[in-house]
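In what follows, a structure is listed as structure tokens, so that the remarks can point back to it.
By convention in this document, chain letters (A, B, ...) are assigned in the order of the sequence lines, proteins followed by strands, and residues within each chain are numbered from 1. Since the structure is predicted, the reported quantities are computational estimates derived from the model, not experimental observations. Quick note: numbers below take in every heavy atom, side chains included, and nothing from hydrogens, waters or symmetry partners.
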2 protein chains.
Amino acid sequence: MNFTISEENYIKSIYHLQQQSGIVNTNSLAAQMQTRAASVTDMLKKLKNKKLLQYERYKGFKLSETGKKVALQVVRKHRLWEFFLVEKLKFDWDKVHAIAEELEHISSDELVQRLDNFLGNPSFDPHGDPIPDKNGRIPTINQQNLTNIPLKKTVTVSSVGNQAPQMLEMLKHYNIALGTQVSVLNKFEFDGSLQIKILKQNPCIISEQVAKNIFVHYAE
Amino acid sequence: MNFTISEENYIKSIYHLQQQSGIVNTNSLAAQMQTRAASVTDMLKKLKNKKLLQYERYKGFKLSETGKKVALQVVRKHRLWEFFLVEKLKFDWDKVHAIAEELEHISSDELVQRLDNFLGNPSFDPHGDPIPDKNGRIPTINQQNLTNIPLKKTVTVSSVGNQAPQMLEMLKHYNIALGTQVSVLNKFEFDGSLQIKILKQNPCIISEQVAKNIFVHYAE
DNA sequence: ATTAAAATTTAGACAAATCTAAAAATATTT
DNA sequence: AAATATTTTTAGATTTGTCTAAATTTTAAT
Ligand SMILES: [Mn+2]
Ligand SMILES: [Mn+2]
Ligand SMILES: [Mn+2]
Ligand SMILES: [Mn+2]
């Protein structure tokens with residue numbers, strides 16, 4: 001089956017929201033999609049008709065199994081294109097999301113498969129998010145939040161939570177990228193901020209807000 | 001200014017049609033776009049309002065200077081993406097048109113420029129058509145139709161006229177691609193067919209219809 | 001110069017995706 | 001439990017792009 005760009009965007013947003021909360025409600029989806037609740041309700045009816053959604057009015061909703069499959073293919077395309085933009089076209093990681101938001105709707109399945117191979121079948125996108133394979137399977141990572149790492153342990157940055165351009169720009173200033181090695185020197189009770197040591201740099205302090213969006217794994 | 005996918009498709013089609021005939025009429029555009037004349041008229045009004053078109057009702061139409069610029073940027077994107085699909089993703093040249101028809105509408109200017117550089121600033125697409133540069137300038141080629149080449153002269157295939165999948169598939173069977181060296185051994189008066197010799201192959205005969213769609217230049 | 005044919009435009013309708021404003025259902029507070 | 005607030009849905013419009021059928025204009029043929 002084939003879906004419109006708008007349907008695909010809705011499906012993908014619902015997928016991301018239900019990952020966190022299990023079930024999704026109208027207002028939060030409207031916020032995510034930057035649209036009005038009334039527009040969301042209209043689309044929910046369409047998606048329900050197409051059997052992509054479990055939805056009863058006033059009760060919230062979540063994707064059906066079919067809907068989840070569609071979502072995973074869109075996510076796959078989004079992340080593969082982001083990888084292409086950063087690795088091949090040398091875009092900064094904070095500039096690729098908007099472009100991938102368009103590219104993810106190119107429909108050819110063969111294109112996706114060839115792109116995947118061309119890129120060397122990557123497992124993670126430039127923000128550290130896992131890339132579903134063509135069957136929708138998602139590689140798992142054993143990662144933890146930086147706020148939970150014991151002092152002086154050296155760990156490697158593996159992904160970022162909040163991926164707003166403002167956040168990514170900030171990490172660029174701190175010189176933190178995926179793969180960067182860090183250790184936590186100190187935890188300040190007062191505001192939850194962390195003093196960290198980045199490999200080959202002087203120690204610096206990051207706010208709790210930033211630290212909560214940095215995920216890491218222990219170096220191999 | 002930004003245009004819808006539909007507007008861009010219309011603009012590009014008008015551009016191609018007026019290349020041949022100078023001025024375009026409603027029915028030929030409707031045929032090209034696989035839509036109805038009434039739909040064309042509706043769109044012509046919109047494009048005229050946006051100053052992209054010189055148009056008076058019942059009198060035919062052609063692109064304004066602005067319209068031509070827009071068309072050339074869409075053509076540029078289409079042909080760059082085709083080049084990418086064939087050179088990087090190893091698609092056959094008869095499979096890329098439909099996909100490029102979608103990719104040409106991705107809006108980021110920076111993407112186009114980076115893609116161009118990544119591909120090595122190619123001058124011609126996989127079908128031998130020139131790729132406009134970012135200012136809309138088109139590289140010229142000194143090419144002639146295969147039917148006009150004197151006998152026994154060796155020439156190089158540089159582009160194909162009719163690019164329907166059926167035509168491209170046929171050339172694949174004949175083992176004719178861009179860059180292939182051929183010479184004309186014989187011209188048959190009866191049906192205009194040509195006996196040709198392709199480098200490293202036995203002589204074969206192609207119909208006048210096919211020959212008229214093969215363009216060549218003299219080898220350097 | 002009429003008439004017939006072809007090309008083009010208009011009139012009116014429809015589907016998709018959006019919006020505002022109002023109504024209905026649900027949740028929260030007193 | 002009743003009143004109030006919040007969330008969600010409906011009603012009705014709007015924009016974009018398309019269509020069919022009918023009307024108009026231009027072109028070609030008698
Ligand atoms: Mn998108
Ligand atoms: Mn990403
Ligand atoms: Mn197109
Ligand atoms: Mn081409």
Side-chain angles (χ1 to χ4, degrees), chain A residues 1-14 17-18 20-63 67 70-71 74 101-102 104-105 107, chain B residues 1-15 17-18 20-63 67 70-71 74 101-102 104-107:
Chain A
M1 207 158 286
N2 247 8
F3 305 100
T4 67
I5 290 175
S6 197
E7 286 170 338
E8 286 188 351
N9 283 332
Y10 271 97
I11 291 165
K12 194 180 57 150
S13 282
I14 296 168
L17 286 172
Q18 77 181 27
Q20 303 173 317
S21 38
I23 199 145
V24 188
N25 52 349
T26 305
N27 272 345
S28 53
L29 182 53
Q32 175 91 359
M33 298 282 302
Q34 309 209 69
T35 187
R36 301 313 177 116
S39 311
V40 168
T41 303
D42 287 344
M43 181 57 86
L44 293 178
K45 289 179 197 162
K46 287 175 207 163
L47 296 179
K48 186 184 181 177
N49 268 335
K50 297 191 177 185
K51 317 263 188 211
L52 297 165
L53 206 61
Q54 288 167 26
Y55 165 55
E56 273 183 285
R57 60 203 234 298
Y58 291 106
K59 303 285 183 188
F61 47 91
K62 59 181 175 182
L63 295 174
V70 174
V74 180
E101 203 53 53
E102 293 184 51
E104 71 190 359
H105 306 292
S107 56
Chain B
M1 209 158 284
N2 247 9
F3 305 99
T4 67
I5 290 174
S6 198
E7 286 170 338
E8 286 189 349
N9 283 332
Y10 271 97
I11 292 166
K12 195 180 58 151
S13 282
I14 296 168
Y15 173 80
L17 286 172
Q18 75 181 28
Q20 304 174 316
S21 40
I23 198 145
V24 189
N25 51 351
T26 305
N27 271 345
S28 53
L29 182 53
Q32 176 90 359
M33 297 283 302
Q34 309 210 70
T35 185
R36 300 314 176 115
S39 310
V40 169
T41 303
D42 287 344
M43 182 56 87
L44 293 178
K45 288 179 197 162
K46 286 175 207 163
L47 296 179
K48 186 185 181 176
N49 268 335
K50 296 193 177 185
K51 316 265 188 210
L52 297 165
L53 205 61
Q54 288 166 25
Y55 166 54
E56 274 182 283
R57 59 204 234 297
Y58 291 106
K59 302 285 183 186
F61 48 90
K62 60 180 174 184
L63 295 174
V70 175
V74 179
E101 203 54 52
E102 293 183 52
E104 71 190 358
H105 305 291
I106 305 293
S107 56

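Atoms CG (Asn9(A)) and C1' (dT18(C)) sit 14 Å apart, rounded to a whole Å. Protein atom CG of Leu47(B) is 12 Å distant from nucleotide atom P of dT16(D), rounded to whole Å. The distance from atom CG of Leu44(B) to atom P of dG17(D) is 13 Å, rounded to the nearest whole Å. The CD atom of Glu56(A) sits 15 Å away from the P atom of dA25(C) (whole-angstrom rounding). Note: NZ (Lys59(B)) to C1' (dT8(C)) measures 12 Å, nearest angstrom. Rounded to whole Å, atom C1' of dA15(C) lies 12 Å from atom CE of Met43(A). Rounded to an integer number of Å, the gap from Leu29(A) CG to dT7(D) C1' is 14 Å. dT8(D) atom P lies 14 Å from atom CG of Leu53(A), rounded to whole Å.
Thr41(A) has its side chain out of reach of Arg57(A): every pair of non-hydrogen atoms, C-beta onward, lies at least 4.5 Å apart. Residues Leu44(B) and Tyr10(B) are not in side-chain contact: their nearest non-hydrogen atoms beyond the backbone lie 4.5 Å or more apart. Put simply, the side chain of Met43(B) reaches to within 4.5 Å of the side chain of Lys46(B), judged on heavy atoms.
Within the 4.0 Å cut-off from OP1 or OP2 of dA16(C), not a single side-chain nitrogen or oxygen of Lys46(A) is found. Dashed line: the shortest gap from a side-chain N or O of Ser39(A) to OP1 or OP2 of dC19(C) is under 4.0 Å. Proximity of Asn25(A) to the phosphate of dT8(D): a side-chain N or O atom is located under 4.0 Å from OP1 or OP2. For Asn27(A), no side-chain nitrogen or oxygen approaches OP1 or OP2 of dT6(D) to under 4.0 Å. Between Tyr10(A) and the phosphate of dA16(C), there is no side-chain N or O to OP1/OP2 separation shorter than 4.0 Å. Using a 4.0 Å cut-off, no side-chain N or O of Thr35(A) falls inside it from OP1 or OP2 of dA17(C). Under 4.0 angstrom from either OP1 or OP2 of dG17(D) there lies at least one side-chain N or O belonging to Thr4(B). For dT18(C), the OP1/OP2 oxygens have no side-chain nitrogen or oxygen of Arg36(A) closer than 4.0 Å. For Arg57(A), a side-chain nitrogen or oxygen approaches OP1 or OP2 of dT10(D) to under 4.0 Å.
As judged by a 4.0 angstrom heavy-atom cut-off over every strand, Ser6(A) is placed among residues touching the sugar-phosphate backbone only. Residue contacts shown for Asp42(B) include a base, since a base heavy atom lies under 4.0 Å away. Within 4.0 Å of Phe61(B), counting heavy atoms only, lies no atom of the nucleic acid at all. The residue Thr26(A) sits close only to the backbone: its heavy atoms come under 4.0 Å of sugar-phosphate atoms, none of a base.
Shown here for Gln18(B) and Leu63(B), the closest heavy-atom pair between the two residues is OE1-N, 2.9 Å.
Between the base of dT7(D) and the side chain of Tyr58(A) there is no donor-acceptor pair shorter than 3.5 Å.
Atom OG1 of Thr35(B) and atom CG of Asp42(B) lie 9.5 Å apart (nearest 0.5 Å).
Nearest to the side-chain atoms of Glu7(B) among the listed nucleotides dC19(C), dG17(D), dT18(C) stands dG17(D). Nearest nucleotide to the Ala38(A) side chain, out of dT20(D), dA7(C), dT20(C): dT20(C).
Between Val40(B) and Gln34(A), the one whose closest nucleotide on DNA chain C sits nearer the 5' end is Val40(B).
Looking only at distances, no side-chain donor or acceptor of Lys12(B) sits under 3.5 Å from a matching main-chain atom of Val74(B).
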